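Following: one structure in structure tokens, then a few remarks.
Fair warning: this is a prediction, and the values are worked out from it, not measured in the lab. Note on naming: letters A, B, ... go to the chains in the order of the sequence lines (proteins, then strands), and numbering restarts at 1 for each one.
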Protein chains: 2
Amino acid sequence: MSRVSEESGTAAKETTTERIPAALRREQILAAASRVFGERGYSGATTDQVAQAAGISQPYVVRMFGTKENLFLEVVARALDKLMTTFREILAEPRPAGDDDADSLVSRLGAGYVDLIDDRGILLSLMQAFITGHDPVIGAKAREGFLQIYRMLRDEAGFTPETIRDFLANGMLFNTLLAIRLPDIFEDDEAAEELMRCAFRGKLDVVLDASGAKWTHS
Amino acid sequence: MSRVSEESGTAAKETTTERIPAALRREQILAAASRVFGERGYSGATTDQVAQAAGISQPYVVRMFGTKENLFLEVVARALDKLMTTFREILAEPRPAGDDDADSLVSRLGAGYVDLIDDRGILLSLMQAFITGHDPVIGAKAREGFLQIYRMLRDEAGFTPETIRDFLANGMLFNTLLAIRLPDIFEDDEAAEELMRCAFRGKLDVVLDASGAKWTHS
DNA sequence: GTCTATATTTAGATAGAC
DNA sequence: GTCTATCTAAATATAGAC
């Protein structure tokens, strides 16, 4: 990842405009798109913003993915894939002795979810896709993605519908708190702090680490 | 409410283009805007879509509110207000005998929240505002709105942070399920049905009543 | 109070050079 | 593999008539 920091408050952007293998460039664009779409949503983001974040020209972004919609769908598919993979890895972990109850599994999956904040675009892009449910194409994928997660938690994790509901609910709250950037006003507002401490529990440090100037881009 | 149904699958739109008091017209536009913004988000919605939903011309919408952003902010402020008022009314209700625990209050507030689905725009517009947290103006209002709800639940309902977290989490899940239009594929997918039954509990009928062709607009 | 016409800007996409 | 130039289609906003 050859990124460079720029003027204060600005985000990571590519500077080098060298010739790079298409596959790699593709990844760079997807990474940039994930961040931009995650912040601004499908309609709110522009292909030019993605291009700038990736350090290339706008036409090249379109050229590479055909359409903005394609790009977004790919971003969302990747995000979903990453989430599913993360969960499956946790499910595959050998369970700590005497720790075979659903509760501890929920905790571990929850922790895995929070850790995904490292790549902010993942959770937010997914959330943006969900909120774009009205769109015929994106909405269909969003629905299917959500249900895929549900089925995994039920069929692979073995959770009851109630457990899944609570788990998903916490996830959606987490996404929402990220979206409204609560971590940013952590110190300014006592209610914000109280809610964050409660919602993020032991993971507050992870969340705060991932926030701040690090993602105050564009 | 002088609406007319149109071709199958299309939404309610005003037809009459009569002269109407500005104050009333204002309300009509806000109602239309609430639906359109709720479905498509701030960036995804156009003032023209709002105008069509309200049965007037696009320039008139802008004329009335100055800017699209203003209109959205007003929609969100109204939605927040409606939510707060609904909750406060429930808090003011005489508690059923032997029913003075937090649990039952949570249930009643939850039921009140679900009932807001009657006016789909309310919950979805708020959610759209939350997801637009990156925007300097809208984001600030969204944050403040979210915290306002938190404080009410804490200071007026007397809930613990944990209770509030769970309550808010369920609310965010509810919003998300609405956004991805899960009620629409209720019958098509067994996982969707299972999740809905579990998430909406006794309120499934209310939710289903409010969905379907009724809000398949634009 | 409401519309039509239109100016202006932005953004997605295409063409074609290097 | 990547860019510059540019076409075209929206969409917000303004002007001014009725």
Side-chain angles (χ1 to χ4, degrees), chain A residues 2 13-33 36-37 39-76 128 132 134-138 218, chain B residues 2 13-33 35-37 39-75 128 132 134-138 218:
Chain A
S2 61
K13 290 179 191 176
E14 306 293 333
T15 31
T16 49
T17 306
E18 17 167 357
R19 226 179 152 79
I20 283 180
L24 177 54
R25 193 58 98 182
R26 213 185 147 78
E27 296 304 318
Q28 294 179 335
I29 298 175
L30 282 168
V36 175
F37 280 129
E39 294 292 336
R40 321 178 85 100
Y42 174 64
S43 311
T46 71
T47 53
D48 192 57
Q49 286 165 344
V50 172
Q52 281 184 240
I56 58 176
S57 70
Q58 179 268 333
Y60 192 19
V61 170
V62 176
R63 159 74 64 107
M64 186 81 91
F65 291 87
T67 63
K68 175 184 168 180
E69 185 180 67
N70 266 190
L71 174 56
F72 183 66
L73 290 173
E74 176 93 22
V75 163
V76 172
Q128 294 286 177
T132 314
H134 64 92
D135 182 283
V137 180
I138 297 170
S218 146
Chain B
S2 60
K13 289 179 189 176
E14 306 292 335
T15 32
T16 49
T17 305
E18 17 166 359
R19 228 180 149 79
I20 284 180
L24 177 53
R25 193 56 100 183
R26 213 185 145 79
E27 295 304 318
Q28 294 178 335
I29 298 175
L30 283 168
R35 286 180 260 130
V36 175
F37 280 129
E39 293 292 337
R40 320 177 87 98
Y42 174 64
S43 312
T46 71
T47 53
D48 192 56
Q49 287 165 344
V50 172
Q52 281 183 239
I56 59 176
S57 70
Q58 180 269 332
Y60 191 18
V61 170
V62 175
R63 159 74 64 110
M64 187 82 89
F65 291 88
T67 63
K68 175 184 167 179
E69 185 180 67
N70 266 193
L71 174 56
F72 184 65
L73 290 173
E74 175 93 24
V75 163
Q128 294 286 178
T132 314
H134 65 92
D135 181 282
V137 180
I138 297 171
S218 143

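The interatomic distance linking B/Met64 (CE) with D/dT12 (P) rounds to 17 Å, in whole Å. In this structure, B/Leu24 atom CG and C/dG1 atom C1' are separated by 12 Å, rounded to whole Å. Distance, A/Tyr42 OH to C/dA11 P: 14 Å, rounded to whole Å. For the pair B/Asp48 CG and C/dT2 P, the interatomic distance rounds to 17 Å; values are reported in whole Å. Taking atom CD on A/Gln52 and atom P on D/dC3, their separation rounds to 12 Å, with Å as the unit. Across the protein-nucleic acid pair, A/Gln49 atom CD and C/dA11 atom P stand 7 Å apart, rounded to whole Å. C/dG12 atom P lies 14 Å from atom CG of A/Asn70, rounded to whole Å. Atoms CZ (B/Phe65) and P (D/dT12) sit 15 Å apart, rounded to a whole Å.
Of the candidate nucleotides C/dG12, C/dT2, D/dT12, D/dT12 has the atom nearest to the side chain of B/Thr47. Which of C/dG1, C/dC3, D/dT2 sits closest to the side chain of B/Ile56 comes down to C/dC3. Distances were taken from every side-chain heavy atom of A/Ser57 (C-beta onward) to each of D/dC3, C/dA13, C/dT2; the shortest belongs to D/dC3. Residue B/Tyr60 has its side chain nearest to C/dG1 when only C/dA11, C/dG1, C/dA13 are considered.
Here the OH atom belonging to B/Tyr42 is positioned 5.0 Å from the CD1 atom belonging to B/Ile138, to the nearest 0.5 angstrom. With rounding to the nearest 0.5 Å, the separation of CG in A/Leu71 from CD1 in A/Ile29 is 7.5 Å. B/Thr47 contributes atom OG1, which lies 7.0 Å from atom NZ of B/Lys68 (distance to the nearest 0.5 angstrom).
Between A/Ile56 and A/Met64, every side-chain heavy-atom pair lies at or beyond the 4.5 Å cut-off.
Judged by closest nucleotide on DNA chain D, A/Arg19 is the one of A/Arg19 and B/Gly66 placed further toward the 5' end. Where A/Ala45 and A/Arg63 meet DNA chain C, the nucleotide closest to each residue was compared, and A/Ala45 sits on the side nearer the 5' end.
Note on A/Thr46: only backbone sugar-phosphate atoms sit closer than 4.0 angstrom, heavy atoms only; bases stay farther off. Counting non-hydrogen atoms under 4.0 angstrom, A/Pro59 reaches a base of the nucleic acid.
A donor-acceptor contact under 3.5 Å is formed by the side chain of A/Gln58 with the base of C/dA13.
Between A/Phe37 and A/Phe72, the angle of the ring planes goes over 60°, which puts this pair in the perpendicular group of the 30/60° scheme.
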